[in-house]
Amino acid sequence: MASAHRIHALRGMRDVLSAEYASRKRAQAQLERHLRLHSYAPVELPILENTELYLRKSGEDIAARLYEFNFRNRRIALRPELTASALRAFSEHLRDEPLPLRLQYSGPVFRYEKPQQQRFRQFTVTGAELLGARGSCADAELLHLACSGLERLGIHDYRLVLGTTDVLGGFLGGLGLRMQLLNFLLRNMENLRKRGEEHVIESLRAIYPEYERETADAAGEAGQPLVALLREMNEAEARQAIAELLRSLNIGVDASRGEDEIIDGLLRKIREDRQGPKLRTALDFMARLGGLVGPPATVLPQALELADDFGLDRAPVEALGATLAAMPMYGELRGKLELDMGMTRGLHYYTGLIFEIHASSATGETIQLCGGGRYDNLMSALGGEPTPAAGFAFGIERIASLRQDKTAESSGAPQLIVIPVAEADTRLALSLARQLRERDIIVEASAVGRSLRRSLKQADRRGADLVLILGEKERQAGVAILRDMRNHQEETVALDALPALVERRLKDHA
């Protein structure tokens, strides 16, 4: 009979075995403790939410990445992140709490994305939310909290990258672009920098075929001051000017078309809402903005100059400078600091500060460990009262992959194995195991029936630090043999002195 087909884990999902599990849990616990020391209170949030929660937060762009299903006529989704859930919980249960309110959370999230190196469809985050506080000090607190959390884990060689959504968003918002085209530009800021303008324009043609014709028409009209003048006139002025122009040029009116119809057609052509020239202006601005990357001392003046060149409000750039100036009050950080004025993080709900923290793996690959920013409009979008909000989340798997944790390799192993030589020794062996566990020592009681030699060999394979051997001779004398598996030395120890000695030996191994 043929064997049954083997069932594998779903693509993008993975089993986490003991050593990695312990390393991740250790990192998560340390980060949670770090956040708690800064008065961020822990909350637990549901894994399942109404799909609408995420559609309101991120729009339809998130829909393709949701694990979503219909259950009893309701659209339900596995959470793709925890910010929306935290703000929903605040709106439902914590509105009467004094502000600012500081919350933290941990848990798995799910995104249907293409699996890549260090990117899975289920992963774990630990995050923080600062609700009800705005301004440079609030932003500086979050930035320092995120960086110092990594330093607490021994990760010092990181790069903190800061940006703001308000420069790009403010410029594009003032162009009068259609929402579809505005969202297209926001999604393609990174493509513009990494793959070039021609790649973006090629994608643009697919959703707006008129782009090249309209930009060409605009270029041809650039030297026509009359067209520009007519665009600036109000309706009555423009109609009168065209009528006088037609008469002065002795242009006869077609008998089948009245003068008003001709003037209407000309005005429509002159004043049509052509998106092409606006898109061309947007792409030029985005190219300049995307090049502003580097140390704050260099990039901030360049960003102010760009704002002046395009007649933009300087306030977003100045707000970023104020946050940088406030950060030293919270303590010195060891990582590198960089500004990236073209950073978008691929999301549409940020309102101001955005940031990411990157580090290099042992193979030289750059890994994003943390990301976040400010989203002051999100609470209103979710149906709550307008509330300033900002936060971030750590990627636990990515952080654990970087940590040089020497104990992680053996974290799945017992610290001590108790070996009863015969069945009569089992009761005492189990009693000693209980006493040692009460001291938080990881103890495994070996199965009876193996030879002592085989049991010791198995303990060595299991990675135990110490072995406790109990035979009839030791039991009758009230002692046990303690064997150090690292140096293979043995000593006979009185049972009442055993727990304290085991603790000392394990400390020596640490």
Side-chain angles (χ1 to χ4, degrees), residues 5-29 31-32 43-71 74-88 104-129 187-188 190-191 194 344-350 354 356-359 361 363 365-373 375 391-403 408:
H5 178 69
R6 181 178 296 174
I7 299 175
H8 298 278
L10 292 171
R11 185 166 184 255
M13 308 291 182
R14 57 194 291 266
D15 301 310
V16 180
L17 305 183
S18 298
E20 183 183 351
Y21 176 86
S23 180
R24 280 172 37 184
K25 283 297 181 181
R26 189 176 296 110
Q28 181 177 321
L31 288 172
E32 289 172 351
V43 293
E44 186 171 83
L45 302 163
I47 289 178
L48 294 175
E49 293 276 11
N50 287 303
T51 300
E52 186 181 0
L53 178 68
Y54 305 112
L55 297 183
R56 285 195 193 181
K57 173 178 179 282
S58 301
E60 290 294 337
D61 289 342
I62 193 72
R65 293 181 285 145
L66 283 178
Y67 279 93
E68 187 212 4
F69 56 94
N70 288 312
F71 182 75
R74 298 178 66 188
R75 294 179 71 187
I76 295 173
L78 290 169
R79 63 190 184 198
E81 47 83 41
L82 281 154
T83 295
S85 295
L87 269 63
R88 178 199 50 73
Q104 65 160 297
Y105 46 74
S106 292
V109 295
F110 306 84
R111 294 182 191 173
Y112 189 76
E113 296 179 318
K114 183 179 179 181
Q116 299 177 32
Q117 181 72 16
Q118 295 298 332
R119 176 178 289 181
F120 307 104
R121 290 175 174 171
Q122 176 182 332
F123 55 97
T124 311
V125 298
T126 292
E129 303 293 335
R187 287 195 304 268
N188 280 275
E190 282 303 309
N191 281 332
K194 294 178 180 177
T344 61
R345 285 190 49 74
L347 298 170
H348 302 292
Y349 62 90
Y350 284 105
I354 51 176
E356 295 176 351
I357 304 178
H358 301 265
S361 68
T363 60
E365 179 191 10
T366 298
I367 300 175
Q368 182 185 326
L369 305 180
C370 179
Y375 22 83
F392 63 82
F394 296 108
I396 297 300
E397 285 84 354
R398 295 182 179 189
I399 288 173
S401 73
L402 288 185
R403 297 184 69 200

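All heavy atoms count here, side chains included; hydrogens, waters and symmetry mates do not.
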Participant: Could you check whether Arg14 pairs with Glu397 (Lys NZ or Arg NE/NH1/NH2 to Asp/Glu carboxylate O, under 4.0 Å)?
Facilitator: no
Participant: Do you know the tightest heavy-atom contact between Cys370 and Phe392?
Facilitator: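 Looking at all heavy atoms of both residues, the closest pair is SG-CD1, 3.6 Å.
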Participant: Taking all atoms of both residues into account, what is the closest heavy-atom pair of Ile396 and Thr126, and its distance?
Facilitator: CD1-OG1, 3.5 Å
Participant: Just wondering, are more than 12 heavy atoms of other shown residues or ligands nearer than 6.0 Å to CD in Glu44?
Facilitator: no
Participant: Taking atom CD1 of Ile47 and atom OG of Ser85, what is their separation to the nearest 0.5 Å?
Facilitator: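 These two atoms lie 10.0 Å from each other.
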Participant: Over all heavy atoms of both residues, which pair between Gly12 and Pro115 is shortest? Give the atoms and the distance, please.
Facilitator: CA-CG, 3.8 Å
Participant: Under the 3.5 angstrom rule, does the side chain of Arg75 hit a backbone N or O of Glu52 as a donor-acceptor pair?
Facilitator: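 No.
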Participant: Could you list all the salt bridge (charged side-chain N to carboxylate O under 4.0 Å, His left out) pairs where at least one residue sits in residues 112-129, not counting sequence neighbours?
Facilitator: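 Pairs touching residues 112-129 that pass the test: Arg65-Glu113.
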Participant: Find the distance between CZ (Arg24) and OG1 (Thr124) and round it off to the nearest 0.5 Å.
Facilitator: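 Answer rounded to 0.5 Å: 4.0 Å.
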Participant: A quick test of your reading: do over 12 heavy atoms of other residues, nucleotides or ligands sit less than 6.0 Å from CZ of Phe69?
Facilitator: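 Yes.
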Participant: Who pairs with Arg398 by salt bridge (Lys or Arg N to Asp or Glu O under 4.0 Å), at least two apart in sequence or on another chain?
Facilitator: none
Participant: If you compare all heavy atoms of Ser361 against all heavy atoms of Leu402, which two are closest, and at what distance to 0.1 Å?
Facilitator: CA-CD2, 3.5 Å
Participant: Could you tell me if the side chain of Ile76 sits less than 4.5 Å from the side chain of Asn70, heavy atoms only?
Facilitator: no
Participant: What residues, two or more places apart in sequence or in another chain, satisfy salt bridge (Lys or Arg N to Asp or Glu O under 4.0 Å) together with Glu32?
Facilitator: none
Participant: What's the separation between atom OG1 in Thr83 and atom CZ in Arg88, rounded to the nearest 0.5 Å?
Facilitator: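 Between atom OG1 of Thr83 and atom CZ of Arg88 there are 12.5 Å.
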Participant: For the CD atom of Gln28 and the CD1 atom of Ile399, what is their distance to the nearest 0.5 Å?
Facilitator: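 Taking CD in Gln28 and CD1 in Ile399, the distance rounds to 10.0 Å.
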Participant: Could you give the distance from OH (Tyr375) to CD1 (Ile354), rounded to the nearest 0.5 Å?
Facilitator: 12.5 Å
Participant: When rounded to the nearest 0.5 angstrom, what is the spacing between CZ in Arg26 and CG in Leu31?
Facilitator: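 So the CZ of Arg26 and the CG of Leu31 are separated by 13.0 Å.
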Participant: Grab the two heavy atoms, one from Leu369 and one from Ala359, that are nearest each other, plus how far apart they are.
Facilitator: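 Closest heavy-atom pair between Leu369 and Ala359: CD1-CB, 3.8 Å.
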Participant: Give me the atom names and distance for the closest heavy-atom approach of Leu82 to Ser106.
Facilitator: CD1-C, 4.4 Å
